[in-house]
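First the structure, in the form of C-alpha cells, and then the observations on it.
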Amino acid sequence: MEAIILFGLFFLLLLLRVPIAISLAAASIVTLITSMGFSSIEIAADIMYTSVAKFTLLAIPFFVIAGVIMEYAGISKRLIHLADVFVGHRKSGIILVTVMTAIFFAAISGSGPATVAAIGGILTPALVKNGMKKESAAALLASSGSIGIIIPPSIALIVFAVVAGDQIAVSIGRLFIAGIIPGILLGIALIAAALYVKKKDMSERALTDSEKHIEQEISAAAEKVPLPEKMKALYDAIWGLLIPIIILGGIYGGIFTPTESAVVAVFYGLFVGVFVYKELKLKDVKKILIASSVQTATVMFIVSAASVFAYLITTEQIAQQIADGLLGLTDNKYIILLLINLLLLIAGAFMDAISAFYIFVPILLPVMLFLDVDPTVFGLMMTVNLAIGLFTPPVGVNLYVASGQANVTLNQITKRIIPFFIASVAVLLLITYIPAITTFLPDLLGVK
C-alpha cells in the first residue's frame, strides 16, 4: 500500500508539472502520514536536515562555485582557443574543438548544464559557420555537455558515493578515476556522431559562395597557426589544464580529501582569475555568489527531499520487493543489466541525476551486489545513463540550455539528437558489459 501511495503520488505530481523536489517531498510526507500519523512530519524534517549535513556533500557547493569562478576568470575561452590552434585546422576540426573543450571544462565544473552554458555561446556560431545547421550544433553542444557529470571531479559521482554508502562503502576517489576512460570514450563516440551529422547537413543544402569562402578562410587561417602561437595558447591555458591535475593529484597523493579538493579548486580559481588572467573583478563576486548559491540551493533541496523518499523505499521494504521482483523475472545477468539500463534511460529522461540516485540506488544496488557487479562499475553505468538523460527529452536540462543559446526550438533540437543518443548508448553498453573499461585505470593506480 505504501509503495502505491509513494510512487503513485510522485508520478501524478510529475505529470502535473510540479517541480521534482516538491514532488518527492510531498509524496514522501503524505506516505509517512498515512503509515505513521502526523507525528511523522518531525521524522521527515530530521531526515531532510541530516541528509545535507554531511561533510562529503560540502564538496557540492564548493565545486559549483569553483565552476562559476572558472567561467568568470576567462578559463573556458582559453581552453577553446587552445583546442582550436591545435586541431582547428583539421577537416571538421571545430567538432574536435567542441568535444575536447567540453571534456576540459567538464573536468573543471563537474556539471553538464554549466559546461554547455560556458562553451555554447562561443562554439555554436563557429559550428554553424563550418557547415552544421543550428539545431545540429545545439544537439552536439547538449550531448557534449553530458560528459560534465562523468569526467572527474563529478558532483553526480559524489552523490552516488554518499547514497550507496548506506549499503556498502564506495570510494569517491576510485569513482573519479574510473570516470576518465568512459568520459573519453563518450567524447570519441560523440565526435563520430557529429561527423555523420555534419555530412548529412552538408548534403541537405548546397553552400553558397559566401559560405564556401568563409569555410576556406577559417581553414586557411587555422593552418597558418605557427608553433610559437600554439605554445603561447598552451601557456595561456595551462592554468586551466592544471586544475584537474591539482585536484586529482591532491586526492590520490593523500594531500587532501575530495571535499577539501573542492575548496582548493575555489581558491585556485580565485588566484588565477585575480592575479594571473586579471579578468575577475570585485564587481563579479556578487554575480558569482548569487549564481552558485542558486545552483547549490537547488541541488541541496533535491537531496533533502529525495532522502525522505529513499528512507521510505528502504524502511518499508519497497526496495527489497522491487529487487526480488526484478531478479524473479530472469536469472540471466546480462538481461537484468539490459533491463536496468532501460529503466535508468527512461528515468533519466524525466528526472535529474541527483533525484534518480536517491530513488534508484537503494533499489538497484542490492541487485547489482547479488549479481557480483563492482559498485564502481554500477556507479559509472548509472552515471552514464543519467548523463544521456541530460540531453534526452522531455526534461533534458542540457537541451534547454543549448536551444536557448542557438535560438532554436526544443522540437528542432530533439530531431537532431538521435545520432548522439545512439552513439552514447553504444558507449553505455560497452561500459555495462565490459567492466574492465571502468576498473582498469583505478586498479592500475591501486586506488581502492
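Heavy atoms only: backbone and side chains are in, while hydrogens, waters and symmetry mates are out.
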How long is the gap from [atom1] on [X] to [atom2] on [Y], to the nearest 0.5 Å?
X	Y	atom1	atom2	answer
Glu42	Ile47	CD	CD1	11.0 Å
Ile238	Ile243	CD1	CD1	11.0 Å
Leu344	Ile359	CG	CD1	11.0 Å
Phe391	Leu399	CZ	CG	8.5 Å
Thr101	Leu141	OG1	CG	10.0 Å
Ile437	Met381	CD1	CE	13.5 Å

- Side chains of Thr432 and Asn341, donor plus acceptor under 3.5 Å: yes
Under 3.5 Å donor-acceptor, [X] side chain and [Y] backbone:
X	Y	value
Ser144	Leu140	yes
Tyr49	Ala44	no
Arg416	Ala139	no
Ser292	Ile65	no
Ser304	Met48	no

If you draw a 6.0 Å radius around [atom1] in [X], do more than 12 non-hydrogen atoms from other residues or ligands fall strictly inside?
X	atom1	result
Lys415	NZ	no
Ile4	CD1	no
Asn332	CG	yes
Phe62	CZ	no
Lys278	NZ	no

Heavy-atom pair with the smallest gap, counting every atom of [X] and [Y]:
X	Y	result
Val52	Leu57	CA-CD1, 4.0 Å
Thr31	Ala27	OG1-O, 2.7 Å
Ala310	Pro362	CB-CG, 4.1 Å
Asn398	Gly145	ND2-C, 3.4 Å
Ile151	Ile184	CD1-N, 4.2 Å
Ala161	Leu175	CB-CD1, 3.8 Å

Student check: side-chain heavy atoms of [X] and [Y] closer than 4.5 Å:
X	Y	value
Lys333	Val373	yes
Ile41	Met36	no
Ile417	Thr392	no
Gln412	Lys134	no
Ile150	Leu186	yes
Pro152	Ile177	no
Pro366	Gln167	yes
Met300	Pro61	yes

- Name the orientation class of the two ring planes belonging to Phe7 and Phe11 (parallel below 30°, tilted from 30 to 60°, perpendicular beyond 60°).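 Parallel.
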- Derivation and outcome, side-chain contact (heavy atoms from CB on, under 4.5 Å), residues Val18 and Leu14: CA-CA 5 Å; Val18 176; Leu14 283 184; over 6 Å; no
- Task: Carefully, step by step, assess Leu157 and Ile172 under the rule side-chain contact (heavy atoms from CB on, under 4.5 Å).
- Result: CA-CA 7 Å; Leu157 291 176; Ile172 294 176; 5.9 Å; no
- Task: Any ring-ring contact (aromatic ring centres under 6.0 Å, His included) involving residues 419-448? Give me the pairs, sequence neighbours left out, ordered by first then second residue.
- Result: Tyr334-Tyr433
- Test side-chain contact (heavy atoms from CB on, under 4.5 Å) applied to Tyr358 and Leu24, Val159, Ile313, the passing residue: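 Of Leu24, Val159, Ile313, side-chain contact (heavy atoms from CB on, under 4.5 Å) with Tyr358 is met by Val159 alone.
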- Query: Stepwise, does the side-chain contact (heavy atoms from CB on, under 4.5 Å) test hold for Glu279 with Arg78?
  - Reply: CA-CA 12 Å; Glu279 293 191 19; Arg78 286 173 172 83; 3.0 Å; yes
- Query: Please walk me through it: do Ser146 and Ile388 pass side-chain contact (heavy atoms from CB on, under 4.5 Å)?
  - Reply: CA-CA 7 Å; Ser146 67; Ile388 295 172; over 6 Å; no
